[in-house]
Amino acid sequence: VTSRITVAAEHSYDVHIGRGLTPIVRSHLAGEPRRLAIVHQPALEDRARVFGDELAADGHEVHFAEVPDGEAAKTVAVLEGLWQQLGAANFTRQDLVVGLGGGAVTDLAGFLAASWLRGVPVIQVPTTLLAMVDAAVGGKTGINTPQGKNLVGAFHSPRLVVCDLDYLDTLPPGDHVAGLAEVVKCGFIADPRILELVEADDGAGARDPRSSVVAELVTRAIAVKAQVVSADLREAGDREFLNYGHTLAHAIELVEDFRWRHGEAVAIGMGFAAELAHAAGQLDAPAVRRHRDVLAMLGLPTSYRQDVWSELLGAMSRDKKTRGSTLRFITLTRVGSPTRLVGPAPETLEAAYRRLDNQA
Ligand SMILES: NC(=O)c1ccc[n+]([C@@H]2O[C@H](COP(=O)([O-])OP(=O)(O)OC[C@H]3O[C@@H](n4cnc5c(N)ncnc54)[C@H](O)[C@@H]3O)[C@@H](O)[C@H]2O)c1
């Protein structure tokens, strides 16, 4: 079964979730033949060829652009190489960029499309769980600079997103589990059914990329993101709720020098936000425990080094999403009801952090 979710942005676009979805891309491109640049990671080389050859058989002029793995792709040097490739192939506004890979590729391909001729269309074909439920949906694109992650970028919504779950078969289990952290996040902020699906078999279905549970989780998580993004494309209001768990997560990523998977850091950050909300009288104890239980059953971490608290606090205070000098957190009043906690006392913050380590 294929599901379809429509996102309202500067233009509306569909996100398809299912298996064997190349025909959806082919019919989207039916009509006029175009030039296509398929930007992909090394791990996707063979599948990029198969995909590209099918599109070439429809009459499109297909160009392949393999980029380095992971964050090494999100650099101005790689982007410059891609600009040269589009220039050499005479890419016009009728032509298209396709991002085939994890979030690093969908971010890069999206920004390539945003910047070429002030904007050409992009089709995103995310191949990691994280990219499906998060990076490829929502229109944020960008690259890193030596000063930090995602500092250069643009809002540039895709024309189409195709989440072909077949790609998940080869994803390393660690990446799968890290992606589940963002899925669970959507459960906590908006769709408790996601949590029930995970809890029903202690996370077994969620951890199995071939299960029907994963298909439903992906669809539900995308529905949450689509709804939030449609209401608030440019992050003026409730899009902030998607940052649940992210304030501490960014600080942990900094301490770990970005060698950690984002989802693992987000898992700890959500547990922390729950403890914080409890300490501030917003959230009851069973809901805090539910965070810990759901994350643990997926194999996600729920606590972190106690010796680096002051470093983490310093990093949180410098986070680009902090407004002024006041720390802000997305918290819950109950599962499915996000709110904000502004300027909690330093003792409250530290006590919440210490509690992460002090529970059976
Ligand atoms: N734009 C946004 O809104 C947004 C949101 C969240 C994250 N992001 C970005 O996404 C990136 C992280 O995404 P990610 O976790 O997908 O990382 P990634 O793109 O680095 O992919 C993780 C690893 O999986 C490999 N891989 C990809 N698909 C595979 C497959 N099907 N089988 C086997 N291996 C495969 C990749 O080669 C890579 O080694 C970060 O750069 C982050 O900033 C962006």
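Remember, it's 1-based here, ligands and their atoms both numbered in the order they're listed.
Closest heavy-atom approach to atom 28 (N) of ligand 1 among the candidates D175, T127, D169: T127. Residue nearest to atom 25 (C) of ligand 1, selected from Q41, E253, H40: Q41 (by heavy-atom distance). Counting only non-hydrogen atoms, the option in P126, G103, G138, A131 that gets closest to atom 10 (O) of ligand 1 is G103. Between the choices T170, L129, T128, the shortest heavy-atom distance to atom 32 (N) of ligand 1 belongs to T170. Among G102, G153, A72, P172, the residue whose heavy atom lies closest to atom 34 (N) of ligand 1 is P172.
With values rounded to the nearest 0.5 angstrom, H28 atom NE2 is found 11.5 Å from L55 atom CG. Note: L117 CG to Q94 CD = 9.5 Å, rounded to the nearest 0.5 Å.
For the pair R259 and E253, the salt-bridge criterion is not met [side-chain N within less than 4.0 Å of a carboxylate O]. Under the 4.0 Å criterion applied to side-chain N and carboxylate O atoms, E240 and R328 are assigned as salt-bridge partners. Remark: R210 engages D169 in a salt bridge, criterion side-chain N to carboxylate O under 4.0 Å. A salt bridge is defined here as a Lys NZ or Arg NE, NH1 or NH2 lying under 4.0 Å from an Asp or Glu carboxylate O, and R340 with D238 meets this definition. A salt bridge does not link D164 with R19: every distance from a Lys NZ or Arg NE/NH1/NH2 to an Asp or Glu carboxylate oxygen is 4.0 Å or more. A salt bridge does not link R49 with D53: none of the charged nitrogens is closer than 4.0 Å to a carboxylate oxygen.
Atoms of ligand 1 found under 4.0 Å from any heavy atom of L130, numbered from 1 in the order shown, are 7 (C), 12 (C), 13 (O), 14 (P), 15 (O). Every atom of ligand 1 with a heavy atom of K149 under 4.0 Å away is listed here by number and element: 40 (C), 42 (C), 43 (O). Listed by number with element, the atoms of ligand 1 under 4.0 angstrom from any heavy atom of K225 are 3 (O). For ligand 1 and L44, the ligand atoms under 4.0 Å from any heavy atom of the residue are 27 (C), 28 (N), 29 (C). Ligand 1 places these atoms under 4.0 Å from at least one heavy atom of D134: 5 (C), 6 (C).
The single protein non-hydrogen atom nearest to atom 20 (O) of ligand 1 is G70 CA, 3.3 Å, given as residue, atom name and distance. For atom 41 (O) of ligand 1, the closest non-hydrogen atom on the protein side is E71 OE2, 2.6 Å. With hydrogens left out, the protein atom closest to atom 38 (C) of ligand 1 is D69 OD1, 3.2 Å, a heavy atom. The protein atom (non-hydrogen) at minimum distance from atom 35 (C) of ligand 1 is L171 CD1, 3.8 Å. Among all protein heavy atoms, the one lying closest to atom 43 (O) of ligand 1 is K74 NZ, 3.0 Å. At the top of the distance list for atom 9 (C) of ligand 1, counting protein heavy atoms only, stands D107 OD2, 3.4 Å. The protein non-hydrogen atom at the shortest distance from atom 8 (N) of ligand 1 is A135 CB, 3.6 Å. Atom 31 (N) of ligand 1 has its closest protein heavy atom at Y167 O, 2.9 Å.
Paired with E275 under the rule salt bridge (Lys or Arg N to Asp or Glu O under 4.0 Å), one option of R355, R354, R289 passes, and it is R355. Checking each of L312, L356, D357, L248 against Y304 for a side chain to side chain contact (heavy atoms under 4.5 Å, CB included) leaves exactly one that passes, namely L312. If you run side chain to side chain contact (heavy atoms under 4.5 Å, CB included) between F64 and each of L100, L36, I38, only I38 comes through.
Residue-level proximity to ligand 1 for E182 is absent, since no heavy atom of it falls below 4.0 angstrom. Using a 4.0 Å cut-off between heavy atoms, N150 contacts ligand 1 through its side chain alone, with no backbone atom that close.
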Worked check of ring-ring contact (aromatic ring centres under 6.0 Å, His included) between W116 and F111: CA-CA 8 Å; W116 186 252; F111 190 49; over 10 Å; no
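Using a 4.0 angstrom heavy-atom cutoff, R47 counts as in contact with ligand 1.
Residue T141 has no N or O atom closer than 3.5 Å to an N or O atom of ligand 1. When only interatomic distances are considered, the shortest N/O to N/O separation between A104 and ligand 1 falls below 3.5 Å.
At most 12 non-hydrogen atoms from other residues, nucleotides or ligands lie less than 6.0 angstrom from CZ of R334.
A donor-acceptor distance shorter than 3.5 angstrom exists from the side chain of D191 to the backbone of R193, with no hydrogens or angles considered.
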